[in-house]
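Positions are given from 1 along the sequence.
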Amino acid sequence: MVGLGGNNGTTLTATILANRHNITWRTKEGLQKPNYIGSVLRASTLRLGVDPTTGNDVHVPLSSVLPTVHPNDLVIGGWDISGAPMDAAMARAQVLPYDLQRQLAPLMAPIHPLPSIYYPDFIAANQEDRADNLIPGSDKQAHLEAIRKDIRNFKATNQLDSVCVFWTANTERYSEVLEGINDTSENLLKAIKESHEEVSPSTLFAVAAILEGCPFINGAPQNTFVPGCVKLAEEHKSFIGGDDLKSGQTKVKSVLTEFLVNAGIKPLSIASYNHLGNNDGRNLSAEKQFRSKEISKSSVVDDMVGANHLLYRPAGDGEKKGEHPNHLVVIKWVPFLDDSDAVVLI
């Protein structure tokens with residue numbers, strides 16, 4: 001994971017360790033047991049057909065139909081601009097209950113993030129105080145080679161069949177797509193050698209994964225996959241995907257919008273408010289990083305609108321733009337909330 005010591009990285013690592021070691025913990029609701037509820041592969045089922053003897057539908061776990069590695073067998077590692085060991089990073093994130101953190105701390109403490117890359121222009125200036133664990137220098141070609149070496153060493157040391165690189169770090173500002181810089185694979189590799197200012201950290205990690213034959217998943221709403229990166233992945237037949245995790249408010253908005261449009265109901269205005277108290281909210285309080293998130297959150301509505309020309313009149317007949325709901329996205333950083341989200345309707 002890129003951003004191993006952040007909220008997403010520490011929580012995913014803790015989830016796997018709690019399940020692997022069957023760690024239980026107590027809250028005011030009583031004894032809690034680890035599970036993979038919320039996982040598409042581990043907690044969803046597929047209808048196979050009908051039992052001819054009873055006439056009942058037959059549902060089986062999706063994981064038994066599509067062979068996959070069990071999460072408990074994954075080996076976790078990664079990079080972070082903060083050098084805090086994972087037990088300290090977990091405490092800093094303030095996501096998990098104390099009793100669970102207490103039991104996980106000895107298992108998390110031995111995991112230390114590898115040094116990462118930090119280009120101040122791409123994330124908010126307020127993240128600088130966390131950047132104490134960096135690959136030295138400003139040579140982006142050297143950074144690329146260091147990341148590739150880290151991937152090879154991690155695979156060999158842990159005797160792994162394959163490695164997947166997953167961006168869980170902060171949202172970057174959008175990269176400018178420039179002719180001759182990142183528009184082709186050849187130009188992108190040349191731009192890396194020349195340490196061009198418009199090569200983002202996430203694109204650099206994606207290129208490293210592609211060149212090492214590893215899948216790369218982007219879990220943040222920046223444009224990591226500039227045209228040159230996509231071309232490079234095609235040339236190396238490497239899998240890349242993702243433009244945000246969309247696991248919270250954005251997901252709910254997507255589901256509701258799709259439901260309404262598919263039901264023939266025409267939403268005219270959509271306004272969503274996020275109040276974030278964690279470090280993600282702190283990073284997004286900067287205008288450039290918020291713009292990346294705003295584009296990602298807005299795009300979920302664009303797909304629904306584009307799929308129904310009966311409800312939303314498309315461009316044409318002298319109109320440059322088709323119909324579209326009035327869509328407003330607001331994100332406010334409220335430190336008091338820590339890792340909790342709050343929605344206030346007045």
Side-chain angles (χ1 to χ4, degrees), residues 1 3-48 56-78 80 82 84-113 158 164 166 168-169 217 219 245-252 254-256 274-282 334-344:
M1 280 181 283
L4 179 65
N7 288 29
N8 291 327
T10 54
T11 304
L12 178 57
T13 303
T15 296
I16 290 172
L17 291 174
N19 277 274
R20 182 185 297 165
H21 297 278
N22 195 30
I23 295 175
T24 60
W25 68 99
R26 289 194 175 275
T27 67
K28 61 183 181 181
E29 284 81 23
L31 186 67
Q32 306 295 314
K33 298 181 179 180
N35 58 61
Y36 282 110
I37 293 175
S39 166
V40 173
L41 287 173
R42 307 308 310 178
S44 62
T45 61
L46 179 70
R47 180 180 178 274
L48 285 184
N56 296 327
D57 289 343
V58 177
H59 295 86
V60 297
L62 185 58
S63 57
S64 65
V65 177
L66 180 67
T68 59
V69 174
H70 195 287
N72 288 356
D73 296 327
L74 294 175
V75 179
I76 300 293
D80 201 285
S82 169
M86 290 294 277
D87 60 330
M90 173 179 62
R92 179 180 61 196
Q94 300 181 6
V95 175
L96 303 174
Y98 169 74
D99 191 34
L100 178 57
Q101 289 192 42
R102 177 183 59 80
Q103 297 177 77
L104 284 171
L107 301 173
M108 299 279 280
I111 305 175
H112 291 252
N158 294 287
C164 178
F166 179 25
T168 69
I217 309 299
L245 294 178
K246 293 185 177 68
S247 57
Q249 184 251 57
T250 310
K251 183 65 175 178
V252 173
S254 302
V255 172
L256 289 175
N274 284 22
H275 295 163
L276 304 175
N278 57 21
N279 191 58
D280 183 39
R282 187 182 184 211
V334 185
F336 169 77
L337 295 173
D338 293 327
D339 195 59
S340 301
D341 291 358
V343 177
V344 181

With sequence neighbours excluded, tell me which residues meet side-chain hydrogen bond (donor to acceptor under 3.5 Å, both in side chains) with D73.
none
Counterpart residues, side-chain hydrogen bond (donor to acceptor under 3.5 Å, both in side chains), relative to N22 (two or more places apart):
none
Looking only at heavy atoms, what is the nearest atom pair of L96 and A14, with distance?
CD1-CB, 3.4 Å
When you measure from the side chain of Q32 to the backbone N and O of W25, does any donor-acceptor pair fall under 3.5 Å?
no
For residues 62-72, please give each side-chain donor-acceptor pair under 3.5 Å, one per line with the distance, not counting sequence neighbours.
residue, atom, partner, partner atom, Å
S64, OG, P61, O, 2.7
H70, ND1, N72, N, 3.0
H70, NE2, R42, NH2, 3.4
N72, OD1, Y36, OH, 2.6

For atom CD1 of I37, decide whether the heavy atoms of other residues, nucleotides or ligands shown that lie under 6.0 angstrom number more than 12.
no
Give the minimum heavy-atom separation between A18 and P34, together with the two atoms involved.
O-CG, 3.5 Å
Qualifying salt bridge (charged side-chain N to carboxylate O under 4.0 Å, His left out) pairs with a residue from residues 11-38, counting only residues at least two apart or across chains:
none
Partners passing side chain to side chain contact (heavy atoms under 4.5 Å, CB included) against N56 (at least two apart in sequence or in another chain):
T54
Taking all atoms of both residues into account, what is the closest heavy-atom pair of G38 and A43, and its distance?
N-CB, 4.0 Å
Any residue meeting side chain to side chain contact (heavy atoms under 4.5 Å, CB included) with T45, in chain and number order, not counting sequence neighbours
H59
Taking only residues two or more places apart in sequence, or in another chain, which ones meet R102 in a side-chain hydrogen bond (donor to acceptor under 3.5 Å, both in side chains)?
D99
Identify the heavy atoms of P85 and H112 that sit nearest to each other, and give their distance.
CB-CE1, 3.6 Å
The criterion is side-chain hydrogen bond (donor to acceptor under 3.5 Å, both in side chains); which residues satisfy it with S82, sequence neighbours excluded?
R92
Side chain to side chain contact (heavy atoms under 4.5 Å, CB included) against L12, all qualifying residues, sequence neighbours excluded
M1, I16, F166
Are any non-hydrogen side-chain atoms of T10 and V95 less than 4.5 angstrom apart?
no
What distance do M90 atom CE and L100 atom CG have between them, rounded to the nearest 0.5 Å?
7.0 Å
Who passes side chain to side chain contact (heavy atoms under 4.5 Å, CB included) against A109, sequence neighbours left out?
D87
Which atom names give the shortest non-hydrogen contact between I217 and C164, and what distance separates them?
CG1-SG, 3.9 Å
L17 and side chain to side chain contact (heavy atoms under 4.5 Å, CB included): which partner among I76, L107, I23?
L107
So, for A93 and N7, which heavy atoms are closest and what is the spacing to 0.1 Å?
CB-OD1, 3.5 Å
